[in-house]
Each structure stands twice: as C-alpha cells, then as structure tokens.
Number of protein chains: 2
Amino acid sequence: MQTAPQTTDQDQPAVDMKDIVALCKRRGFIFGASDIYGGINGFWDYGPLGTELKNNLRDYWWKSMVTTPPIGPDGHPVQIVGLDSAIIQNPQVWVASGHVGGFSDPMVDCRETKKRYRADHLVILIPSDDTPWIATIEDDEDFLKARLKKVGRGKSLNDFTSKNLTEIDLAEYPKILAPDAKEKGTLTEPKEFNLLFETGIGASEADKTTAYLRGETAQGIFINFKNVVDSSRVKIPFGIAQVGKAFRNEVNPRNFIFRSREFEQMEMEWFCHPDEAQKWFSFWKDERKKFWESIGLTSDNILMRDHDADELVFYSQGTCDIEYKYPFTSPDFGELEGIANRGNYDLTQHQEHSKTKLEYLDPERNNEKYIPHVIEPAAGLTRGVLALLCEAYTPDPNRPSGVYLNFDPKMAPKKAAILPLTAKDGQPEIAEKLYLELREEFAVDLDIKQNIGKRYARQDEIGTPYCFTIDQQTSEDGMVTSRERNTMAQERVPLDKVADFLREKLK
Amino acid sequence: MQTAPQTTDQDQPAVDMKDIVALCKRRGFIFGASDIYGGINGFWDYGPLGTELKNNLRDYWWKSMVTTPPIGPDGHPVQIVGLDSAIIQNPQVWVASGHVGGFSDPMVDCRETKKRYRADHLVILIPSDDTPWIATIEDDEDFLKARLKKVGRGKSLNDFTSKNLTEIDLAEYPKILAPDAKEKGTLTEPKEFNLLFETGIGASEADKTTAYLRGETAQGIFINFKNVVDSSRVKIPFGIAQVGKAFRNEVNPRNFIFRSREFEQMEMEWFCHPDEAQKWFSFWKDERKKFWESIGLTSDNILMRDHDADELVFYSQGTCDIEYKYPFTSPDFGELEGIANRGNYDLTQHQEHSKTKLEYLDPERNNEKYIPHVIEPAAGLTRGVLALLCEAYTPDPNRPSGVYLNFDPKMAPKKAAILPLTAKDGQPEIAEKLYLELREEFAVDLDIKQNIGKRYARQDEIGTPYCFTIDQQTSEDGMVTSRERNTMAQERVPLDKVADFLREKLK
C-alpha cells in the first residue's frame, strides 16, 4: 500500500466497508460461504447479482484480450489466444515454479493460544510504563482499537510507540501479549509457512500422491506454452490468456473478498523476444490502466506504482502494480493487478525440471532460437469485482434507499427493470411482452408486484441504469415512463421504442 | 449404459476415439494436463479452441437458464437466477449431503500390485480348464484383448464365461489374476472408497480443519436457498443455476474427458411445491432434450433413459438420464445429463444439520409453509464438450484433411476465417481491415501465411463454418471468395457485405 497522491479529492463522503458488505448480502451480490453452517473463514459465495457482475467483468476482460485484443505499437492488432488449464497439475509443476519451496509467508505462533500470525502483518505497541507490550494486527484499525480497549488499561494509541514485528528481535520482548492471547501469549521466532493447499490423488495407498491446488493460474499457461505453439497458428510476440480460480491458504483472510482463500484471477502471459520485453512492458502497463478506467474506475482512485529495485524478486526486470483506493486502505491504495516483466525465468525453470525444450525457433529473425521473455498482466477478477462495488457505492440522502450503485452500464448486472405499477389495465401483460422483447438483447429484470418506491429502491441499490414503468396511461397512449438511475430524471418513451432507447443510452 | 434402440442408423462410419483425441491435441482443443511433465492421470487442459468451445456451451446454457429461461406450462416465462459458490465449503455441508458418509464406490485391492479397482467395473473371465481366472476391466475391449493376449495362453474370448465381480463371492475364486498382476494377484473383498478430495485449511496446527473439494456444484445451491430467497425477488416455483468445477478422486479415470478427476458441471435446482414436482419433472425432461438437440446433437445419438425403480436412490422420486452414443460406448449410450426429482431430501438434510429453517412461506398458497421439492437437471459441461466433438467429427476422404468438424455454428470456436491468398496486391491489408470489422461481432480467425490448402484443412479440422479468401481480384472487383465448410461450395461476396452474409448464414 502507498500513500495517496496529494491531488486526490478529499471531499467525497467516506464510505464504510461494513455498509458495502451489508448491501452485498441484502441484495444478493455476495454471501459468506456456508452461511447457514456458521460460515468458513476466507471463502465467499457469489449470489445472483454478484455472479452477473463477475461474469460481466470476466467477459469484458476476455473480449479485451482474446476476441478483440488491442492494436500493438506497429499499428496491427496483437494476437492472444485463450486457455483453461486444470486446477490440479502434476506436483512437479509447483516444484519448478518455486511455489513448493518458496511460496510462503513468515509466521509466528502464539505460545498461549497456539494461533499463527503473519509476522509482517503484526506490530508491537510498546507502552512507556510496565504494562505488557501488545502485539496487534497492522492496518486493521477497528481491531486495534478494540484490542486497546480490552487490554490497554485505559491507554490510548498515543501512549504507545509501535514497531513492526519483522524489525525486532523477539527474544528481547518477553512481556509480549499476542493478538488473541489473554494472559501472556509470547510469540515464537518467525518461520516460513507454505500457502499451497495440499490434497492427495489416487485410489490406492500405494499410488497416492500429494498434489496442490494451484496458487495462481499463470503456471498453467507456462506449462502449455509448447502445446499452444505446436497446435495454434501463433508467432512471437503473442499472448495466452486464462481466467480461473486459484487458492491460497491465507493465515488471516480479511477485508471482505480482498484477501480470501479461494479467489479468481485473470492472467495473460505475453511471450516476446528478449530485446522487446521492455517495450511490451510499457505497452501493457498503458493498456491495463485504460482497461480499468474504461469500466468506470476513476483515475483518482487508481495508482500506477512501479516497484523499487529492492522490492523486486530476483528474476523480475520490472513490476508495476495497479492499485485501487479501497475504503479499507483509503487514503492509501491496495493491489488490484500486477504487471511484471518476468524475463525468461518461468520457461527456463520448466525447461530444466521437465527436460522438455521450451525454446522458440523464430522464422522472423533468421531462425534465431531463444527462450521468450514474458510480460504478465495478472489481475484479480474477484478484486476487480470489489473495486467495482466500492467505486459504484454512492450514498445519497435524497432517495429512499439512501444509496445507489453507480455502475458503468457495461458492468451493471441488470441493464433495465420493467415495473408495472399495478395488476390492473393489462399492465402485467404489457410488462411481460416488453420483458420478452428486451431480454433477447439485454439482461433485464421483470418485477411485477410491490410498492413502486420499494422497487425503485431495489433497482437503485443493485445499480440498474434504467427503470421502465408501465402505468394506467400506457394502454391508452402506448408510452412508458423511463427513470434514469443517477439523476432519477423521468421521461415518457413509446413502448415500441424502448429497445432503441436503451441501445442508444447504453452505447 | 443402455443398448441402442433398433432404429439407430448403423450405416454411419465408425469413428475411433483415438482419432478424436489426436485431433484435439493437434489443433489445440484439449491437452493432457502437465503434458511436459509426463501428465497426471485424470486431468485435462483446454487449449485455445477447446476453451472457446467450452465457453460457447457454457454461455448458451446460461442464456437458456438465466438470461432467457423457457416459457412455463402456464404460458409465462419461468424465473431462474444464477449463483457461483465456493469450491471449498464448511465440511459440515458434505456431512449433511451424505457425501462424507456415502459418496463412495465399492473397491477391491490386488494383493500383488496393491492397485485398487472399482468392483463394479471388473469382470472375471473363467476358462474351462485349469488356467487362472482373469479379472479385467469391463467395457474396455482394447484392454480386455491385450490382457487375453498377454496371459490367456492362446485362448480367445469364446473360451471363457464371464461374471461380474459384484455378483460373486471372491473367497470362492482363489486362482484369480488381477488386471495388472503378473503372478497371482488375488483380490480383497470390496470395501467402500470415498471420492471426495480432502484438503486442510488454516495456518495454525491447532486450528487446521479437514475440508473437501466439492464433488458436485449442487450443494452450493442448496445451502444458498435461504440467502437467495431473502435477497432476491424470487417466488416459488423458481430455479438457481450454477456452472463450475467439481472434483472426484476417480479410481480409473478413462475415456478421455468422459471420466476425469476434475470436470465442469452445469446444474440447475428447480424449487417447487410438492404437488407440482411431477409436472415440473416432465417439463424439464422435455426442455433439456430440446437444449441438446438445438446445438446439434442428433436425436439418433440421444437416449432419454428413465431409471427403473430399483436403480433410484431411496429419496429420489424419479430420475431420467440423457445419454449420448459416444464412440467408446457405441452402439450403447453413456451419461451426458441426469434429471432427478429429488423430493425435499437435500433441503431437509441441510435444515437438520445446520439447525436453520429452510421452509418457504408461500404467499400464493394462503401462506402455506413447506420445504420445497427439487427438480435437478444436472449436466456435464465437459461431457457436453465431448459429445459436441464426437458428434461433429466427420471423416471425409474427399478433402485433404480427411476429416472436418461439423459444429453447429453457435458452438463453433471460430465463426469465420479470413485468408489472404498471398502477401501481394495489398491482400494482407484488406484481410486485416475485414478482420477488424468482423471481430466486433463474431469470433474470427485471421490467418495470413501458408499454402491455402493447408489453411483450409486447418479450418475444416477446427470446424469453422466459413472461410473468406482475399485474392488478386479482390483489389480490383472488391469481392472475396466464401467457402462453406460442409459442402466446400464457393461463391463470391462483396467485401462490404461479408458481415451481412455471415449474419444471415449463421442465423
């Protein structure tokens, strides 16, 4: 996370994450997984509207990558093909990628509760007197305040100095009180904890092998590089794109769907000649920023953050995060997408471990043989959904719902709602006829009964750009009332022109 | 599997599954997962074209269920909403559903090789003389013949009588030779083997819980029934639809993607009043048959098979399988979709285990309170892809490729290919301009270089309905040559009318 640029607009009303989470449950966007069983930490289910929103983002990304990829620096469209690889692969894949050895976080255990914490997420609050040092979770202000209230003996945050746990020698802090401990709860030295979920494959005990749920979709692309080159008419430079679930056994899943244990990614691996890697790195940075802006994220809420040299993993030749100002990071930013120049690290690793040649013979360069370099724009699909929800959430005391979701129409789960005012005058029949016409082209909602104010409130809260109301007059003059979501402005539209109206407005 | 009706056309050329698998790899539909690492049994990766084909089927199912659901028996459109639940849920979900206790197959172990087999997939071949009894895998004729050749001592199939392993007492067969055994390899008594993949969640050993990868997508719907009713404007009868991955630790994954360990389902749970369950069961049987026929599966290759009373699980009030005549089952049929009248079994189980009321208060029935009954059309997305590939595979000695894929245009990964004949006369520029126009509306392929015969062969083998060739004349008369996949018939079409032409032909 990074401090906001000074130009950021400080006047917009602060939005509380709790309100967004509550709306998501109330209106059927996102539920805690296994809700009726008391839930399961770090897993989420997408309800009817959340699923449509997520599908809209997924399909728009796919269109921007695979169906209509951008025009490259030479003026010609670039080439990208799709892929959908298995979640479970031969375990050697994750040895080669480094995930089995190194995909881990430094963890400390509480000696009292036996609970485990990410060392780099903990701070120690050190008081000036003899009370214990309190370990607590960084960035979670609510937690921090609640903790202080419980064990801080009347002290406020100002009475403490704080140190990050990774910067101290724990042996020097014997009076520590771990985040969930009651009595002493000192912490062990940090050790590495692997994030891959394990499972066992095979029926017979003799054959049973340990395998892993993929920690990212990217490796499924690297191991298919040769298959794609051999079977498809692609030439360097080209990309392979994939959308799919990934799994990480996070220690502290938190911030709604931001850090969950099961999530979805949209990753594209762009294979190019080593000499052109830096050019394509710049190209994809620009393209990806444009993508998020084109679906409604405002530039004030987006930060392009180039990693400093000391942040880069050893093989990376450059990484830029696209960060979003989520309510729980504001005024700072949190990751939404990472764009990395990975060199030829991944293909080299898989070539070595699989003993399969992954070199490319380039007919455009006098049959030069080389291992391509890779530019990877890796976006979070579920984080994208979160950013869209946060961006759209607009408190508005001037309407009954008190809030509306200001989705870009491309992303809105429903493009229009059809609302007959009463069950009289053939209104439901007219409504159903209009619904059957519109649904062939647009995702539309037909909502027959209920107080019209409540129905408008629902459509505001789910972000439907247009409502069309059928009333007593409709059967007489063949007109319906259109209501625009953001302005609540109403106008009369001929029944047989509603599709044209919508097509024009949503363009 | 079931014997084919006598009416089935026996004249069509037999298709060998091996050829379909080879084409899938050669052209980039489906690869063995972790190919470069020697693979992993039971897992598959979908290449560029397989992904597009699978997405087309997924999206068409979603449209048929969620966006434009069918007109019900009362003449009004039915209501179905979407859902996307997590693969990993609270483990209690799978206890309640019966999967932890009962989702299992009867297994026997070989005492020599320690390998494990599904008892109901094994037969014993009993010779008339003193040679050992040979256990082998039913339905796999190649395996059976190879086995006989290896250990049958010159005997043919006719020299044996066969018995299904589940019908005999293994203690009476001490001379058995298990499928992969060399010396004796007698088999243990059958015992149950659970098909759920296990994993462990949580960072700390104290907190770590066993969880399961879902064995079906259906349970994610049942546990969200209450969330959906509370958050969405749905009234009984209504449906909840979901597409997603499921996992089963199959003992003998086989027949390409037919029986794999990771696969995709398209399931819809239809909630209705108990009195109406039988009516809706019939309704969905009809609708689902129409669905598969509408995307090109011919009725000769589809069998609607109602389960006999003794085949039904105890809570089922009726099940009908939609079976397809795959090359490896032909002339018999194998499962593609199951439509089940599940009564109120699932919601009752979850109500009991979660202690959460899952009754529905029906305003249309004087506020009658009841647990809805469920009709479940549960289709295999990946099995659907397999059926589409098998149906489309058409050997044709009259064309260079020797085969073409006769996809319904709705399902074809590419709707058209644009092929400039040479790099001269501005042909590549004209081709690119046409590509940029068409790709906004259709999935199109731009293939610039190579012998035109080879390029046609590729498009035939990937099932592209139309090719448009740009030649020397195009720059003079503004016409391109259209070539239709099945007939190979060619006609000249004006460049600026290609989009209209395609729109008309694909309608």
Side-chain angles (χ1 to χ4, degrees), chain A residues 26-28 31 33-37 40 43-48 51-52 54 67-68 76-77 81-90 92-93 107 109 114-116 193 197-199 201 203-204 206 220 223-224 226-228 231-233 245 249 251 262 350 354 356 432 436 439-440 443 447, chain B residues 26-28 31 33-37 40 43-48 51-52 54 67-68 76-77 81-90 92-93 107 114-116 193 197-201 203-204 206 220 223-224 226-228 231-233 245 249 251 262 350 354 356 432 436 439-440 443 447:
Chain A
R26 184 167 75 246
R27 293 306 190 183
F31 312 121
S34 301
D35 235 5
I36 59 173
Y37 286 95
I40 173 169
F43 296 89
W44 300 91
D45 292 342
Y46 290 76
T51 303
E52 297 291 347
K54 182 153 69 70
T67 324
T68 63
H76 298 288
V81 296
L83 186 86
D84 187 35
S85 65
I87 286 171
I88 296 176
Q89 298 281 349
N90 187 310
Q92 286 307 309
V93 171
M107 308 298 304
D109 291 333
K114 310 293 176 206
K115 287 200 176 177
R116 189 167 281 181
F193 170 78
F197 281 105
E198 281 187 14
T199 191
I201 299 179
S204 132
I223 60 173
N224 276 297
K226 185 176 154 51
N227 272 333
V228 169
S231 66
S232 308
R233 304 268 297 139
K245 291 210 167 176
N249 199 356
V251 178
E262 177 176 338
H350 286 299
S354 71
T356 306
E432 186 175 299
L436 287 171
R439 75 175 194 170
E440 293 298 327
D447 195 353
Chain B
R26 184 169 74 246
R27 292 307 189 182
F31 312 121
S34 300
D35 237 4
I36 59 173
Y37 286 95
I40 174 170
F43 297 88
W44 299 90
D45 292 343
Y46 291 75
T51 302
E52 297 291 347
K54 182 152 70 69
T67 324
T68 63
H76 298 289
V81 296
L83 186 85
D84 187 35
S85 66
I87 285 170
I88 294 176
Q89 298 281 347
N90 187 310
Q92 287 305 309
V93 170
M107 307 300 303
K114 309 294 177 206
K115 286 200 176 177
R116 189 168 280 180
F193 170 78
F197 281 104
E198 282 187 13
T199 191
I201 299 180
S204 133
I223 61 174
N224 276 297
K226 186 177 154 53
N227 272 335
V228 170
S231 66
S232 309
R233 303 268 297 139
K245 291 210 168 176
N249 199 355
V251 178
E262 176 175 338
H350 286 299
S354 71
T356 306
E432 186 174 299
L436 288 172
R439 75 175 195 170
E440 292 299 326
D447 196 354

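Everything numeric in this text was worked out from a predicted model, so none of it was measured. In what follows, chains are A, B, ... by sequence order, proteins preceding strands, each numbered from 1.
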Q: Examine whether an atom of A/Gln92 lies under 4.5 Å from a heavy atom of chain B, and if so say whether it belongs to the side chain, the backbone or both; otherwise answer neither.
A: both
Q) So what's closer than 4.5 Å to chain A heavy atoms on B/Glu262: side chain, backbone, both or neither? A) side chain
Q: Please examine the side chains of A/Lys245 and B/Lys245, heavy atoms only from C-beta on, and report whether any two atoms are closer than 4.5 Å.
A: no
**Q.** Option that, when pairs with chain A are counted at under 4.5 Å, heavy atom only, ranks first among B/Asp447, B/Thr356, B/Thr67
**A.** B/Asp447
Q. Given B/Pro48, which of A/Asn227, A/Val81, A/Asn224 fulfils the side-chain contact (heavy atoms from CB on, under 4.5 Å) condition?
A. A/Val81
Q. Can you say whether B/Leu436 sits under 4.5 Å from chain A via the side chain, the backbone, both, or neither, judging by heavy atoms?
A. side chain
Q: Go through B/Gly47, B/Gly200, B/Ala86, B/Gly28 and name the one with the most non-hydrogen pairs under 4.5 angstrom from chain A.
A: B/Ala86
**Q.** Partners passing salt bridge (charged side-chain N to carboxylate O under 4.0 Å, His left out) against A/Asp45 (at least two apart in sequence or in another chain)
**A.** none
Q. Quick one: ring-ring contact (aromatic ring centres under 6.0 Å, His included) partners of B/Tyr37, sequence neighbours excluded?
A. A/His350
Q) Any side-chain heavy atom of B/Ser231 within less than 4.5 Å of one from A/Arg27? A) no
Q) Can you check side-chain contact (heavy atoms from CB on, under 4.5 Å) on A/Ile223 and B/Asp35, steps first, answer last? A) CA-CA 8 Å; A/Ile223 60 173; B/Asp35 237 4; over 6 Å; no
Q. Do side-chain atoms of A/Thr51 reach the backbone of B/Asp84 as a donor and acceptor pair under 3.5 angstrom?
A. yes
Q.
For A/Gln89, which atoms come within 4.5 Å of any heavy atom of chain B: side chain, backbone, both, or neither?
A. both
(Q) Please check this pair: side chain of B/Thr199 against backbone of A/Glu198, looking for a donor-acceptor N/O pair closer than 3.5 Å. (A) yes
Q) Is there side-chain contact between A/Ile36 and B/Val93, with heavy atoms separated by less than 4.5 Å? A) no
Q: Let me know if A/Arg26 has heavy atoms under 4.5 Å from chain B in its side chain, its backbone, both or neither.
A: backbone
